[in-house]
Amino acid sequence: MAERRLLVLFGSQTGTAEDMAERIGREAKRRHFACRVEALDSYCVKFWRFILRKNLPPASLCQVDYAVLGLGDSSYPKFNFIAKKLHKRLFQLGGSPILSVALADDQHELGSDAISDPWLKDLWSKILLLYPLTPGLDIISDDVLLPPKFTLHFLGDDMHGKTKTKEVQSLSPQATPSEQQPFFAPMLSNERVTARSHFQDVRLIEFDITNSGMKYSAGDVVMVQPRNSPEDVQQFCQLLQLDPNKRFTLVLNDPSTSLPAHLPQPCSVQYLVEHYLDISCVPRCSFFHLLSHLSSDELEREKLQEFSSAQGQEELYNYCTRPHRTTLEVLFEFPNTSSCIPPEYLFELIPRIRPRSFSIASSLLAHPNRIQILLAVVQYKTRLSMPRRGLCSSWLASLHPEDGDILVPLWVKKGGLMFPSDLETPIIMVGPGTGVAPFRAAIQERVAQKKKDNCLFFGCRKRLQDYYCESEWAELVRRRFLTLFTAFSRDQEDKYTFNIGLLRMGILYGI
């Protein structure tokens with residue numbers, strides 16, 4: 001049994017790949033594998049740099065069996081590029097593919113499951129041929145509820161509410177802020193930059209990063225770790241009959257897993273729900289599958305089973321995915337099930353809140369020890385009565401630094417937009433709407449270095465409604481640091497847009 005080990009690695013931005021990896025991990029346990037599910041970054045921080053090293057022997061992975069599943073969208077030019085590249089490199093290093101690489105496509109009429117489901121069925125058939133079950137063991141039926149990863153050990157009443165969960169942690173010496181250890185940056189300002197009559201609320205938000213050690217350049221992004229609203233936290237705790245002040249420690253039930261890196265020990269229920277559980281996300285099929293196992297209400301259980309079946313996927317899409325129904329809203333519609341969910345299963349039911357990325361809209365040369373972002377507050381209507389709201393943008397917009405100290409956990413990552421290293425290179429920048437943010441950073445940076453060959457195309461709906469940074473651009477034009485072209489698409493009877501061909505794709509160098 002010790003040799004029947006499986007390692008599942010995932011790379012995920014939206015959580016789709018992580019959800020699939022966890023599903024494979026659960027199915028592995030039903031087949032009595034010791035299975036670890038790890039994010040690529042936590043398994044090997046510099047995974048790609050390592051695996052692409054030219055000095056790796058061609059037989060490095062000659063004793064490794066592997067399979068690659070890509071989750072992508074064929075409407076993008078580089079459809080499942082990473083999956084293809086990974087499969088090719090593992091094969092070059094001597095790995096033995098037990099299946100052809102699978103390229104699931106969100107554009108398929110039946111969704112990505114049309115590829116992933118049959119591939120998983122073939123995967124387990126191949127794996128069990130290579131690593132058969134020990135005599136006397138059978139596959140654990142899908143009808144059997146697997147034990148949770150963790151046990152919650154609630155502290156006694158003598159500890160109840162006496163101390164608060166520590167949120168702000170000082171960085172260790174020489175540490176660079178990261179997802180594991182963000183910098184809690186004071187919010188200095190939160191200014192609405194669209195007219196009050198405009199349909200969209202856009203904010204220019206500034207943070208103080210003094211003593212953080214963070215450095216950034218134009219084109220980089222800032223990652224922000226959001227949290228759930230107090231109202232949603234209260235409703236969730238009431239629905240699940242949880243005491244928000246109760247404190248607990250986590251105990252591992254499975255030696256092949258690890259404790260959540262983003263939760264303190266001990267932790268309060270309030271902190272868990274507010275900072276960790278993504279109760280505003282649209283739940284996936286796996287949520288309904290596990291919830292059906294936890295339900296003791298016959299009618300609710302039947303509906304949950306239907307949503308998690310292959311035959312019920314279209315109905316699930318119409319119920320949940322199309323209208324963007326949140327996890328909290330689903331739980332409200334299954335109240336008898338929600339009220340009896342064991343707390344230890346929350347970690348498998350609900351994913352953690354993921355950080356959000358924003359293009360940095362400022363330059364350190366122009367604003368030392370500051371980071372600015374141009375934030376569009378996400379809000380839209382579906383057929384549901386309540387408008388849909390973006391978790392992070394709504395949270396940031398709700399913060400009022402004039403009322404007191406506001407600390408926001410954040411860190412900086414290298415962005416994908418690269419500007420010329422040669423400052424003598426003139427650049428043309430195209431940034432409609434909030435897409436102008438990284439170009440504002442670049443212009444500020446170049447102006448601080450006395451570079452005048454800057455050309456910006458900016459477009460928005462109406463000059464008096466959503467013309468971001470108008471006075472700033474006007475001053476730079478006056479000082480001859482900027483050549484500016486604008487288009488206001490709704491300020492005349494016919495819609496007006498730029499006709500600049502390839503320029504609309506972003507940035508061209510050397511023109």
Side-chain angles (χ1 to χ4, degrees), residues 3-22 24-25 28 33-72 76-104 119 123 127 130-131 171-182 213-217 219-223 255-262 352 354-355 357 411-418 421:
E3 296 181 356
R4 299 184 78 254
R5 295 177 307 201
L6 184 65
L7 174 63
V8 182
L9 297 176
F10 66 87
S12 186
Q13 287 185 313
T14 62
T16 303
E18 182 174 3
D19 183 71
M20 177 61 71
E22 292 290 351
I24 294 173
F33 280 91
C35 181
R36 288 169 53 205
V37 178
E38 300 278 358
L40 281 172
D41 283 347
S42 62
Y43 182 72
C44 176
V45 174
K46 298 177 181 175
F47 174 78
W48 278 110
R49 185 179 299 176
F50 170 78
I51 203 171
L52 295 176
R53 281 170 45 188
K54 294 182 179 179
N55 61 351
L56 286 178
S60 297
L61 301 179
C62 63
Q63 297 185 27
V64 174
D65 296 313
Y66 74 91
V68 175
L69 170 63
L71 303 173
Y76 288 84
K78 293 188 175 182
F79 171 60
N80 268 318
F81 172 77
I82 296 298
K84 297 172 187 175
K85 187 174 182 179
L86 176 61
H87 176 71
K88 180 179 179 180
R89 184 55 176 159
L90 294 177
F91 186 72
Q92 288 175 343
L93 295 175
S96 301
I98 62 176
L99 285 175
S100 299
V101 61
L103 304 176
W119 183 84
L123 174 70
I127 288 178
L130 293 169
Y131 307 96
L171 293 174
S172 58
Q174 310 301 319
T176 301
S178 64
E179 184 172 1
Q180 285 69 40
Q181 195 174 28
M214 288 190 288
K215 303 293 182 184
Y216 64 86
S217 303
D220 288 347
V221 298
V222 61
M223 308 297 295
S256 65
T257 191
S258 55
L259 292 172
H262 303 85
R352 72 175 179 89
R354 291 185 164 274
S357 62
W411 62 99
V412 168
K413 289 183 69 174
K414 203 68 184 170
L417 186 59
M418 305 296 292
S421 56

Minimum heavy-atom distance between Val221 and Lys414, given as atom pair plus value | CG2-O, 4.5 Å
Work out which heavy atom in Val412 is nearest to a heavy atom in Lys215; give both atom names and the distance.
-> CG1-O, 3.8 Å
Counting only heavy atoms not in Lys84, do more than 12 sit closer than 6.0 Å to its NZ atom?
-> yes
Got a second to check how far Tyr131's OH is from Arg5's CZ, nearest 0.5 Å?
-> 10.0 Å
Output for pair (Ile127 CD1, Arg4 CZ), nearest 0.5 Å, gives 9.0 Å
Quick one: does Leu90's side chain get under 4.5 Å of Pro97's, heavy atoms only?
-> no
How long is the gap from CG on Leu40 to CD1 on Ile82, to the nearest 0.5 Å?
-> 10.0 Å
Please name the pair of heavy atoms, one in Phe79 and one in Leu103, separated by the smallest distance, quoted to 0.1 Å.
-> CZ-O, 3.9 Å
What are the two closest heavy atoms between Gly415 and Asp220, and how far apart are they?
-> N-OD1, 3.2 Å
Between CD of Glu38 and OG1 of Thr257, what distance do you get to the nearest 0.5 Å?
-> 7.5 Å
Can you list the steps and then say if Ile51 with Leu86 is a side chain to side chain contact (heavy atoms under 4.5 Å, CB included)?
-> CA-CA 9 Å; Ile51 203 171; Leu86 176 61; 4.1 Å; yes
Neighbour count above 12 (heavy atom, 6.0 Å) for Tyr66 OH = yes
Mind checking the CG-CD1 spacing from Leu69 to Ile24? Nearest 0.5 Å is all I need.
-> 6.0 Å
Would you check if the side chain of Asp65 reaches a backbone N or O of Gly95 as a donor-acceptor pair within less than 3.5 Å?
-> no
With a 4.5 Å heavy-atom cut-off, do Thr176 and Trp411 have their side chains touching?
-> no
Got a second to check how far Leu93's CG is from Leu52's CG, nearest 0.5 Å?
-> 8.5 Å
Any donor-acceptor pair under 3.5 Å from Trp119 side chain to Ser100 backbone = yes
Determine, step by step, whether Phe10 and Asp19 satisfy the side chain to side chain contact (heavy atoms under 4.5 Å, CB included) criterion, reporting the C-alpha distance in whole Å, the side-chain angles of both residues, the deciding distance to 0.1 Å, and the verdict.
-> CA-CA 9 Å; Phe10 66 87; Asp19 183 71; over 6 Å; no
Closest non-hydrogen atom pair between Leu6 and Ala28, with its separation = CD2-CB, 3.7 Å
Closest non-hydrogen atom pair between Pro177 and Pro182, with its separation | CB-C, 4.4 Å
Side chains of Arg352 and Pro260 in contact at under 4.5 Å (non-hydrogen atoms) | no
